[in-house]
J.: 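Dropping a structure here in structure tokens format, bear with me for questions.
Each chain gets a letter, A, B and so on, in the order its sequence line appears, and its residues count up from 1.
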Amino acid sequence: MYKPVSSKVDFVKLEHEQLKFWEKADIFNKLRKKNENGPRWSFLDGPITANNPMGVHHAWGRTLKDVFNRYHGMLGHYMRYQNGFDCQGLWVEVEVEKELGFKSKTDIETYGVEKFVQACKDRVIKYSKVQTEQSKRLGYWMDWDNSYYTMSDENNYTIWHFLKKCHERGMIYKGHDVMPWCPRCGSAMSEHEIATEGYKELTHKTVFVKFYLKEKPDEALLVWTTTPWTLAANTAAAVNVEMDYVKVEAKAKVEYYYLAKELTNILTGDYKIVEELKGKDLLGLKYHGPFDELPAQKGVEHFVIAWDEVSDSDGTGIVHIAPGCGKEDFALSKENDIAIIAPIDEFGNYLENYDFLTGKNCQEVNSEIFDNLKEKGICYKIDQITHRYPTCWRHGTELVFRLVDEWFISMEPIREDMMKVVGQISWIPAWGYDREMDWLRNMGDWMISKKRYWGLSLPIWQCGECGHFEVIGGKEELKARAVAGWEEFEGHSPHKPHIDNIEIKCSKCGAKSKRIPDVGNPWLDAGIVPYSTMHYITDHDYWKQWFPADFITESLPGQFRNWFYSLLAMSTVLENTAPFKTVLGHALVKDETGKDMHKSAGNAIPFHDAADHMGVDVMRWMYTAHNPEYNLNFGYGPADEIRKKMLTLWNMYSFYVTYADIDRYDPTKQKVAYTKLNELDKWALAKIHAFIKEAREDYDSFRVERLMRKFEMLLEEMSNWYVRRSRRRFWKSGNDIDKMGAYYTLYNILRTMISVLAPILPFVTEDIYQNLVLSVDKKAPQSVHLQEFPVADESLIDTELLDKIDIIIKAVEMGRSARNKANIRTRQPLANMLFKAKSEKEKGYILELADQIKEELNIKNITLVDDIRDYVEYEAKPNFVTLGKKIGKQMPLAIKGLKEMDGETVAAAVQRGEALMVNGISIDPADIQIAMREKEHIVAVEDRGYVAILDIRISEELKAEGLVRDLVRHIQTLRKEADFNVDDRIALNLKSPDSLTEALELNRDYLLGETLAEFAEISEQESEIRKEINVGNEIIIVNIKRI
RNA sequence: GGGCUUAUAGCUCAGUUGGUUAGAGCGCACGCCUGAUAAGCGUGAGGUCGCUAGUUCAAAUCUAGCUAGGCCCA
């Protein structure tokens, strides 16, 4: 016996119950045990940053991960189920700084690096626990006690191994370069960091400055800059040698300016062009720098150099060059032997030797600089510009460009190899390949150092005497090389500050080498995981069994240059092969209206809110049904739509259980052979098995959104055709083979659906399974997730039968359409429907299954016809508006003529697009409107060559039947109001006017059968229910009571 | 400026290798059902498939250009 199932269901409550059940019955471990000898399937988890609670955007990726893990679990695969946490990096430091109220690196130093690093570790531990609990709530089945942490010793030391390999190939170098720099972090930003979310639309003050020529004191170069603070570091001006320049005479003040010919529109006041020249004519001109008086500028020669990138699209065509403040500027300094001045410290403050600027922040000195330039008479004009400017992804502060020493991996030696490796991977969507290749073609060297505290300790030891540096490849090697500090370090993780105490002997000069103070780029931490978490170094056999991963899935936009990139780079260096075979990318989660979710905008939905209010199965359905290539609009509105679909499944299940209990149906004992099933059952089974087949294909190709589309269609068909068409088979009394067939089929439909959907909707399918299957079959697997994934029986996919039912459904749809058009409700029986099919085959199907159509449409007869001319005629009318404009006064003649012509002939001509001659007037077919006019008593509907024609004449007999059906419906309502059970039999007493007696008499059996009643005399006292009912225009008094 | 990508109904999206009159859900209108019922179902309206040109017997689909948006790189 089944547990009764209410049609009202609380999915969230149900999910909590199933979580408890899985926990208590240890289902996940039973699954692992069951599959331990199965073929391996290697999923590799991209680590989630353990820095905050999980968001609904994380839940998308984690749902996909879980879905494919669960599917492969049902295929019997042995898996690792290892989740990963990303632990190290600036994002954690930033949150900890916030907690502690720190403003800068100085605060951290004061607080103590050891305590600070510990606080970072603590934060990671705290949030990894929060995320673990949230993931469990999502139904994410992982080996939670065995999650990997990128801060682990093994992870860090495996990166050391990688870096040493790089060094052996000569790829590690210290770069002296201008880098984008965040004054708030006190650190450089790598390309990757800025590219992700760095650029903002900002408005800045700009200034046009006059650089007077040394040789000609009344002539000046006009130079434009958007970063006035860098003028203090100017050492050159650049022109494009091919471009056209002009020398203009300023009328107001007799002096001359040089600028690009195309940019004279920036000039103020009257001017006159006195000379045209090429950029090359300006080369080598010496000029007075804008801040020659600063001590830092002492001895610097300023002159004009050439640069191809100079354009005349904005500014003046003469570019201010400050090699200490710009990347390109710095590169130019190497080619042109110009001076390099680096003006600011790590917080963006001017260094010594900058006079009034010293100690001031470079981002706050605009007005002082402008005043100074005006005083010196070299300010031409001040303006402003709105442009995209790089900012810090954490602080939002504007970046400055600063000359620093950073450590890099040279990517040139592996660029070609990496591109080959990319080709080994299956990218979903396929354009992922092109995106990754584009990034690889353009990638610069990888900056791996950061002047911060919490992260990988870069294993680079540099000699204080000779500058020679060495890369250490692991803990043992370090121990062997250590000449100082090992004792203090022993027992600590390889993090700052303890690691910094260790000194080694320089292998070149024998002096002491110390570790560089920098920490590593966090993408090193994540990129190494196919090696570290699979124990590449510590258990190589194990690694061989699991590497490469079969599958990874992550959010697309950033990862081409982040995780995918670091995975590929590191694996190319270590093994020259791809670390994963297939990658499925998904886009971003937006709010319901497509806007970014932001806490501050109030449109963000925290994970726990969504889980508690919509339920995680609904969320999982939403994630899996969506094409992952595009952004997902997440919200309670879309969730409601999905909830309704889930209710359809639930209601089918509840319907089955209700009736199976009444009839004590047991699917394990009362099986029905395929040959004994009726057409409808066989059709349902054909659908179901086709679904299994397609579901496997979709899971195997990682396209679950296709699966979900098919599922939604199947669910609709099963609910609105199979169950509805079969309802009477369940209601009828007795337990014949037809009824058993219905139960058996519906049981199989439900069981198959929940088995196929179990990976996607793990909770509701489990809940259904526990009752549907386990209540009657104690030998079945203990959980829906411990079953084997269903196998399609292709012999049951009867395509002819599928076609057959399709045409029946079509005929029914058209019949309904006709009824709607005639405004006659289904309850009123009609005598006949004529139907025009398109092939002999279809006619055969209709004849064979005519009963189903008749029942659905409540019609007495269906007739197949070929020629519909007896029922409808075509009628041609002119399009008065368009034709009237053309022929004007001839209209009446045309109307008359058209009326007299045979509609059929006109329709045919119009169809062919031929002009018609009507009473001597040529009429364009576009000016004729063809209508189908039904003859009397006829309603016709046409669709794609099919025609359904309803005879809407209602005889007395049909009318009577309609009345009785009305009465039946009222009695059914009474039964329900009285809380009778659906199978209670009743005594019925009617007091009706004479006019209805005959109608009742004619349909007596129908009335009694439908209401489970027998006529009986009941006095008003005995009657449980008495009601006056309006039927037609008469009143009937109904008394009923249970017997 | 370069790469990738998108443009289909009021909204969110399908449309596999070109092939009858381009589909679904939601919303809307009208209605049905009342033994899945604070549910369920049907019918309908609504689209020159961003624009232009080309290839083809045939283009939402292929090609080129243009316009607008997104992501990325300069």
J.: Base, sugar-phosphate, or nothing: which does A:Glu712 touch, judged by heavy atoms less than 4.0 Å apart?
T.: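 A:Glu712: no heavy atom of the nucleic acid under 4.0 Å.
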J.: Hey, what's the ring geometry for A:Tyr656 with A:Tyr747, parallel, tilted or perpendicular (30° and 60° as the breaks)?
T.: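 Because their plane-to-plane angle lies in the 30° to 60° range, the rings of A:Tyr656 and A:Tyr747 count as tilted.
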J.: Minimum heavy-atom separation for A:Ala818 and A:Leu950, please, with both atom names.
T.: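 Taking every non-hydrogen atom into account, CB-CD2, 3.7 Å.
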J.: Could you check whether A:Gln828 gets within reach of a base, just the sugar-phosphate, or nothing at all, counting any heavy atom under 4.0 Å?
T.: nothing
J.: State yes or no: are the ring centers of A:Phe634 and A:Trp60 separated by less than 6.0 Å?
T.: no
J.: In whole Å, I'd like the distance from the CZ atom of A:Arg816 to the P atom of B:G44.
T.: 11 Å
J.: Does A:Arg727 place a side-chain N or O at less than 4.0 Å from the phosphate oxygens OP1/OP2 of B:A36?
T.: yes
J.: Looking at B:A36, B:G27, B:C72, which one has an atom nearest to any side-chain atom of A:Lys644?
T.: B:G27
J.: How many Å lie between CZ on A:Phe634 and P on B:C11, as a whole number?
T.: 23 Å
J.: Measure from the side-chain heavy atoms of A:Arg435 and tell me the nearest of B:U34, B:A36, B:C4.
T.: B:C4
J.: If you compare every side-chain N and O of A:Asn720 against the phosphate oxygens of B:C41 (OP1, OP2), does one of them come in below 4.0 Å?
T.: yes
J.: Out of B:A36, B:U5, B:U34, which has the shortest distance to the side chain of A:Trp431?
T.: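 Comparing B:A36, B:U5, B:U34 against the side chain of A:Trp431, the answer is B:U5.
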J.: Could you check how far NE2 of A:His586 sits from C1' of B:G70, rounded to whole Å?
T.: 18 Å
J.: When you measure from the side chain of A:Arg709, which nucleotide among B:G2, B:G42, B:A14 comes out closest?
T.: B:A14
J.: Tell me whether the centres of the aromatic rings in A:Tyr743 and A:Tyr659 are closer together than 6.0 Å.
T.: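 No, too far apart.
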J.: CG of A:Leu974 versus P of B:G35: gap in Å, rounded?
T.: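 The answer, rounded to whole Å, is 11 Å.
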J.: Side chain of A:Thr826 only, heavy atoms from C-beta on: which candidate in B:A39, B:U34, B:C32 is closest?
T.: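 So the nucleotide nearest the side chain must be B:C32.
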J.: Quantified in whole Å, what is the P atom distance between nucleotide B:C66 and nucleotide B:A60?
T.: 23 Å
J.: Picking from B:G35, B:A14, B:G25, which would you name as closest to the side chain of A:Glu641?
T.: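 Between B:G35, B:A14, B:G25, the one nearest the side chain of A:Glu641 would be B:G25.
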J.: Does the side chain of A:Ile809 come within less than 4.5 Å of A:Glu717's, by heavy atoms?
T.: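 SC-SC contact between A:Glu717 and A:Ile809 ruled out.
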J.: Rounded to the nearest angstrom, tell me the gap between atom CG in A:Asn633 and atom C1' in B:U6.
T.: 15 Å
J.: In whole Å, measure the gap between the P atoms of B:A45 and B:C4 for me.
T.: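 Their P atoms lie roughly 42 Å apart.
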J.: From C-beta outward on A:Asp438, which listed nucleotide comes closest to its side chain: B:G35, B:G42, B:G3?
T.: B:G3
J.: Is A:Ser719 touching bases, backbone alone, or none of the nucleic acid, heavy atoms closer than 4.0 Å?
T.: base
J.: Do A:Trp721 and A:Glu716 pair up side chain to side chain, a donor and an acceptor below 3.5 Å, judged on atom types alone?
T.: no
J.: What's A:Phe560 touching, base or sugar-phosphate or nothing? Going by heavy atoms closer than 4.0 Å.
T.: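 Answer is nothing: A:Phe560 stays at 4.0 Å or more from every strand.
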J.: Is A:Lys8 close enough to B:A38 that one of its side-chain N or O atoms is under 4.0 Å from OP1 or OP2 there?
T.: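 Yes, because at least one side-chain N or O of A:Lys8 sits under 4.0 Å from OP1 or OP2 of B:A38.
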J.: For the side chain of A:Val723, counting heavy atoms from C-beta on, which of B:A36, B:U6, B:G42 is nearest?
T.: B:A36
J.: Counting only side-chain N and O atoms of A:Asn627, is one of them less than 4.0 Å from OP1 or OP2 of B:A14?
T.: yes
J.: Is A:Glu856 salt-bridged to A:Arg724, going by a charged N under 4.0 Å from an acidic O?
T.: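 A salt bridge is present here (some side-chain N lies under 4.0 Å from a carboxylate O).
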J.: Please report the distance, rounded to the nearest Å, between CG in A:Asn442 and P in B:C4.
T.: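 Taking atom P of B:C4 as the reference, CG of A:Asn442 is at 12 Å.
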J.: What's the gap between B:C13 and B:G27 when it is taken at their C1' atoms, as a whole Å value?
T.: 14 Å
J.: Can you check the distance between B:C72 and B:C26, where both ends of the measurement are the C1' atom (answer in whole Å)?
T.: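 Rounded to whole Å, the distance is 34 Å.
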J.: My validator wants the stems of RNA chain B: runs of 3 or more consecutive Watson-Crick or G-U pairs, both distances under 3.5 Å, written as range with range.
T.: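 Only these stems qualify: B:1-7 with B:67-73, B:10-13 with B:23-26, B:28-32 with B:40-44, B:50-54 with B:62-66.
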J.: Under 4.0 Å, heavy atoms only, any strand: does A:Ser817 hit a base, just the sugar-phosphate, or nothing?
T.: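 Sugar-phosphate contact only - A:Ser817 comes under 4.0 Å of backbone atoms but never of a base.
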J.: Return the value, rounded to whole Å, for the distance between atom CZ of A:Arg724 and atom P of B:A39.
T.: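 Rounding to the nearest Å, CZ of A:Arg724 and P of B:A39 are 19 Å apart.
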J.: Quick one: which residue pairs count as a salt bridge (charged side-chain N to carboxylate O under 4.0 Å, His left out) with a foot in residues 650-663 of chain A, not counting sequence neighbours?
T.: A:Asp663-A:Lys739
J.: Quick one: A:Leu857 CG to B:C41 P, roughly how many Å, whole number?
T.: 18 Å
J.: So, do A:Phe655 and A:Phe730 have ring centers that fall under 6.0 Å from each other?
T.: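 Yes: the rings meet the under 6.0 Å criterion.
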J.: Between B:C13, B:G44, B:G35, which nucleotide has the shortest distance from any of its atoms to the side chain of A:Arg975?
T.: B:G35
